[in-house]
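Below: the structure, in structure tokens.
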Amino acid sequence: MSLHIAGMGWVTPLGSGLEEVWNRLLNGESAVAKSISSPLGKDYPVFRAPAAATAQAPAHPRLRRSSAISRFAVVAGLAALADANVELDEKTAARTALIFAVSNGGVIYTKRFYHDIVESGAQAASPLLFPETVFNAPASHLAAILGINGASYTLVGDGAVGTLALKMAEDLMASDALDHCLVVGAEEADWLLCDAYHKWRLLRAAPPIEPFQKPARGMIVSEGAGALLLRRAGRVQVEKIAAGSNFQKQREAAACVDKVFAELCTTPPDIVCASANGTFIDEAERAASIAHCPKAKVYAVKGALGDSIGASSLWQTICAAQALIAGRLPAIQFASDGNGGLRSAIVSTCGLNQQVAGLRLTFSPLA
Amino acid sequence: VAVVAAGIVSPLGFGMAETLASLREGRDCVTPVTSFAVDRCRCQTAGQVLDTRLAEANESLRHPERLHRVAQMMILALKEALAQVGDFRPELTVMGTTSGGMTFGEQYYRGLKANQPPARHAATLIANYTPQKPVMDAQEAFGITAPCQVIANACASGTNAIGHAFECVRSGRYQRILAGGYDAISELVFVGFDSLQASTPDRCRPFDSERSGMVLGEGAAILALENVESAQARGATILAEVVGYGISTDNHHLTQPNPSGSGPRQAMEGALASAGIPAGEIDYINAHGTATPFNDAAEGKAIAELFNRVPISSTKGMMGHSLGAAGAIEAIISLLALQHQVLPPNINFRQGDSELDLNIVANKAQAGRVRTALSNSFGFGGTNASVIMRTHAA
């Protein structure tokens, strides 16, 4: 079974147009951090998606009370369909599956809902907020807007969850009952997440994020969504997905990442789109890149966009596909004595909470 | 696709044998909630796994205090399953949950609000709060490193996990997969359902004319699935087979099913088509049956339209609704029905809904010929899932 990228869409701290954001990345731009204040008096930097990035969200009743994460998912998903020139009708929607990838989910409404319970008691809990706290609420809204009434899955995980969602899509597309699979990953930012990552000693106090720099000084939380529409033909092929494995302790991450690279680098790739984010992940990916693809150009988009966890690995995959199509990469982080064309890419994803996975893309200009 | 092992922890008991005994007795395992304040809730009961038993069963673990209690349930369920097939090395693990270790998140937030460090180290709470962590903990306890897909399709998650795993094995892409579900009661979720008035101050009475809502539950359940030929070749005991899976998405409303029952009907029809069998071959249906007016009406309508008075029960009256674990727990209940030719009871049933022509297994377990069973799970977001299992003809 051959799996290809038919369309891509994203909502990022640099905007939401596929080419617009890509060009800004090529120009070396990075997101501008805004300060987010916790009610406990601590400020954290965060990369917000600009309001304009979701301005084109449809005026659908499902989005009237939805959280930001749902709007990000809907805008990115619709953009991926538009990029592929696919308009879903009853017949095509029935042959399209939806997979939604997320890590922290609707944390803003979840926090608000629980806050009311803590402050005022159970009788203050809002029946309007609670349904939006459920992990699959964004997928439900997107399915309703698109008219998808068959397979819809929400996957939870860490920064690797987007890649695991692509693996699930590959498994689903083994069935000839499907023509398309729309994979969307999204996340929204909140001070509570920043506080948690700060206490976990993974957050940097101020920009920039410096992938692959020593010492690792930490990452910055961002928000947005990434979406890929998959089908069985196209210019960019998802040649192989390594569902990877899990690590229990940070020091075990390197061995897991190395195993994924070994599986994907049967022939040397031209690009590595790494998940490096200024934390312990970086060293694991550096070592694996040097060992398995010493001539590859290594690029880490989280330096520019921050780490949006559930959306991040789809952002990485979009960057890899865009680089293969355009034949250009934004400023790379390290390596490479190769000046050849860009025909293949590895997307490496190592999450902060145990999961490691990766995939390999190849480009066929005449497809 | 063969089921070669199973493990379960739920309010009905620890392990398959205790679960079967509870089903046969029609035990009501719903008790008052004591782990957080419920005095301002309409509903004040739930099906709960006893912490004392959990601690006793897990006393050999190195640092049980670091593990969320739902991770401890997962470890026990996996231990039971692996004891049946010690050499089972999964290529993939597919599990369902809705909130994982949510209570650790609650502790963390309460610690913040009190402006003092929580009782446990904050980083430990954060690391173990994530919904996928209980699966990782369970795998680590037995040296399993298979990649994990953790499905959060609300209350259909467990059935989705088993169904997706079934399709992965049946397609030939995988030989062996662990599938199941887990969830533990948390204040946030408990109050959430209470705020929607989906939970009841009364007993949980699925399909009863005076049903007034659900009670929550908790637990973990795991099935080891394997390609039948592979299982036979290595001489494994085959407990049953998974033969069909259907999934649908009902776009009617975020929390309410389409009253026509179209979503559940599409899922059940999909499962029958997947199994390649007519509706008449189903001998028992383990219904989603939450006892909310909306769910039971929509599900009951779909069942009545598709099936000719097949015996039906919802086992949630005995143990509550364990959300992401429910589909996996109820798949194991269906498995026990197949293995022991018993129809599990739908307790607290007084009078049938005049709108629904259903053959309810009322209040007491019955002996019955059960060769093929269908298990339903439906959830928020309009997710609907059905799996069909049957006895294995050696």
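Chain identifiers are assigned alphabetically (A, B, ...) following the order of the sequence lines, protein sequences preceding nucleic acid strands; residue numbering begins at 1 within each chain. Source: prediction; values computed, not measured.
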Backbone N or O of A:S152 within a donor-acceptor pair of the B:N153 side chain at under 3.5 Å? yes

Taking A:N136 for the side chain and B:F380 for the main chain, is one N or O donor matched with an acceptor at less than 3.5 Å? yes

Could you check which of B:A154, B:A37, B:C41 has the highest count of heavy-atom pairs closer than 4.5 Å to chain A? B:A154

B:I247 vs A:Y153 side-chain heavy atoms within contact, under 4.5 Å: yes

Quick one: are B:L188 and A:T110 in side-chain contact, heavy atoms under 4.5 Å? yes

Value for OG1 (B:T98) from CZ (A:F135), rounded to nearest 0.5 Å, stands at 8.5 Å

Report which part of A:R62 has an atom under 4.5 Å of a heavy atom belonging to chain B: side chain, backbone, both, or neither. side chain

To the closest 0.5 Å, what do you measure between CG (A:L192) and CD1 (B:I126)? 8.5 Å

Enter the distance from A:R65:CZ to B:L254:CG here, rounded to the nearest 0.5 Å. 9.5 Å

Note, A:K249 side chain near B:E140 side chain (heavy atom, < 4.5 Å): yes

Taking the side chain as C-beta and beyond, is there a heavy-atom pair between A:D171 and B:Q149 under 4.5 Å? yes

Give, as side chain, backbone, both or neither, the part of B:S248 having an atom under 4.5 angstrom from any heavy atom of chain A. both

Taking side chain as everything from C-beta outward and backbone as N, CA, C, O, which of these in A:Q355 sits under 4.5 Å from a heavy atom of chain B? Side chain, backbone, both or neither. side chain

To the nearest 0.5 angstrom, please state how far the SG atom of B:C168 sits from the CD atom of A:E170. 10.0 Å

Would you mind telling me which of A:S38, A:A137, A:S175, A:A144 has the largest number of heavy-atom pairs within less than 4.5 Å of chain B? A:A144

The reported gap from OG1 in A:T154 to CD1 in B:I151 (rounded to nearest 0.5 angstrom) is 9.5 Å

In Å and rounded to the nearest 0.5 Å, what is the OG to CD distance from B:S195 to A:Q123? 11.5 Å

Under 4.5 Å from any heavy atom of chain B - which part of A:L164: both

Hey, which of A:N353, A:N246, A:D158 is the one that makes side chain to side chain donor-acceptor pair (under 3.5 Å) with B:Q132? A:N353

Does any donor atom in the side chain of B:E187 or A:Y114 lie under 3.5 Å from an acceptor atom in the other side chain? yes

Which of B:T93, B:V38, B:T255, B:T145 touches chain A most, by non-hydrogen pairs under 4.5 Å: B:T145

Residue part contacting chain A, namely of B:Y174, when any heavy atom lies under 4.5 Å: side chain

Heavy atoms only, distances under 4.5 angstrom: which of B:T130, B:D250, B:T97 has the most pairs with chain A? Name it, please. B:T130

Using heavy-atom distances under 4.5 Å, tell me whether A:H141 contacts chain B through its side chain, its backbone, both, or neither. side chain

Tell me, for B:E106 versus chain A, whether the close heavy atoms (under 4.5 Å) come from the side chain, the backbone, both or neither. both

Looking only at non-hydrogen atoms, find the nearest pair between B:N251 and A:I148 and report the distance. ND2-O, 3.1 Å

Max heavy-atom pair count under 4.5 Å with chain B, selected residue of A:A160, A:A196, A:G147, A:P39: A:A196

Of the backbone (N, CA, C, O) and the side chain (C-beta and beyond), which part of B:D194 lies under 4.5 Å from a heavy atom of chain A, both, or neither? neither

Within 6.0 Å of CZ in B:F294, more than 12 heavy atoms from elsewhere: no

Per-residue contact mode, A:E119 against chain B (heavy atom under 4.5 angstrom): side chain

Could you tell me which portion of B:D137 (side chain, backbone, both or neither) has an atom closer than 4.5 angstrom to a non-hydrogen atom of chain A? both

Can you say whether B:A146 sits under 4.5 Å from chain A via the side chain, the backbone, both, or neither, judging by heavy atoms? backbone

Closest approach of A:S140 and B:G381, non-hydrogen atoms and distance? OG-O, 3.1 Å

What I'd like to find out is whether the side chain of A:K199 reaches to under 4.5 Å of the side chain of B:L125, using heavy atoms alone. no

Determine the option with the most heavy-atom pairs under 4.5 angstrom with chain B, choosing from A:V118, A:N104, A:L352. A:V118

Does any part of the side chain of B:V150, heavy atoms only, come nearer than 4.5 Å to the side chain of A:L155, both counted from C-beta? no

Over all atoms of both residues, closest heavy-atom pair of A:A174 and B:R173: CB-CD, 3.6 Å

Part of A:V134 within contact of chain B (heavy atom distance under 4.5 Å): side chain

Using a 4.5 Å cut-off on heavy atoms from C-beta on, say whether the side chain of A:L40 contacts that of B:K113. no

If one checks every heavy atom of A:S120 against chain B at 4.5 Å, the contacting part turns out to be backbone

Does any part of the side chain of B:M136, heavy atoms only, come nearer than 4.5 Å to the side chain of A:F247, both counted from C-beta? no

